[in-house]
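Just so you know, these numbers come straight off a predicted model, no measurement behind them.
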Amino acid sequence: MKRPTHPGDAKRIATLDAYDILDTPQEAEFDEITRLASHICQTPIAMVSLVTADRQWFKSRIGV
């Protein structure tokens with residue numbers, strides 16, 4: 001099944017690739033954002049997810 005695409009996907013994915021952040025170790029700054037999101041939303045689970053054309057990768061996650 002082909003997924004729908006957004007007109008800005010190509011630029012977003014190119015920008016994400018330029019950051020060269022996929023498959024890098026956890027970083028405290030991202031973990032702080034994840035903890036803050038969990039606190040604000042009052043949820044036991046929160047994640048920072050990076051999505052490319054063919055995969056989803058979690059830079060930070062808590063509660064899973």
Participant: Report yes or no: do Val48 and Ile21 belong to one cluster of Ile/Leu/Val/Met/Phe/Trp/Tyr joined by side chain heavy-atom distances under 4.5 Å?
Facilitator: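 Yes, one cluster joins them.
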
Participant: Main chain of Asp31, side chain of Arg61: is a donor-acceptor contact present, judged purely on distance under 3.5 Å?
Facilitator: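 Checked: no pair found.
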
Participant: Do Ile33 and Leu16 share a hydrophobic cluster, counting only Ile, Leu, Val, Met, Phe, Trp and Tyr and linking them when any side-chain heavy atoms are less than 4.5 Å apart?
Facilitator: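 Ile33 clusters together with Leu16.
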
Participant: Does one hydrophobic cluster hold both Ile62 and Phe58, with members joined at side-chain heavy-atom distances below 4.5 Å?
Facilitator: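 Ile62 does not cluster with Phe58.
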
Participant: How many angstroms lie between atom CD of Gln56 and atom CE of Met47, to the nearest 0.5 angstrom?
Facilitator: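 Output value for this atom pair is 8.5 Å.
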
Participant: Answer with yes or no whether the side chains of Thr34 and Lys59 bring together a donor and an acceptor at under 3.5 Å.
Facilitator: no

Participant: Any salt bridge (Lys or Arg N to Asp or Glu O under 4.0 Å) involving residues 40-58? Give me the pairs, sequence neighbours left out, ordered by first then second residue.
Facilitator: Asp23-Arg55

Participant: Hydrophobic cluster membership, with links at side-chain heavy-atom distances under 4.5 Å among I/L/V/M/F/W/Y: are Val51 and Tyr19 in one?
Facilitator: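 Different hydrophobic clusters.
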
Participant: Looking only at non-hydrogen atoms, find the nearest pair between Arg35 and Ala28 and report the distance.
Facilitator: NH2-O, 4.5 Å

Participant: Report yes if some heavy atom in the side chain of Thr24 is under 4.5 Å from a heavy atom in the side chain of Phe30; otherwise report no.
Facilitator: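 Thr24 vs Phe30: side chains apart.
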
Participant: When clusters are formed by joining ILVMFWY residues with side-chain heavy atoms under 4.5 Å apart, either directly or through shared neighbours, do Leu50 and Leu36 land in the same one?
Facilitator: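 No, Leu50 does not connect to Leu36 through the hydrophobic network.
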
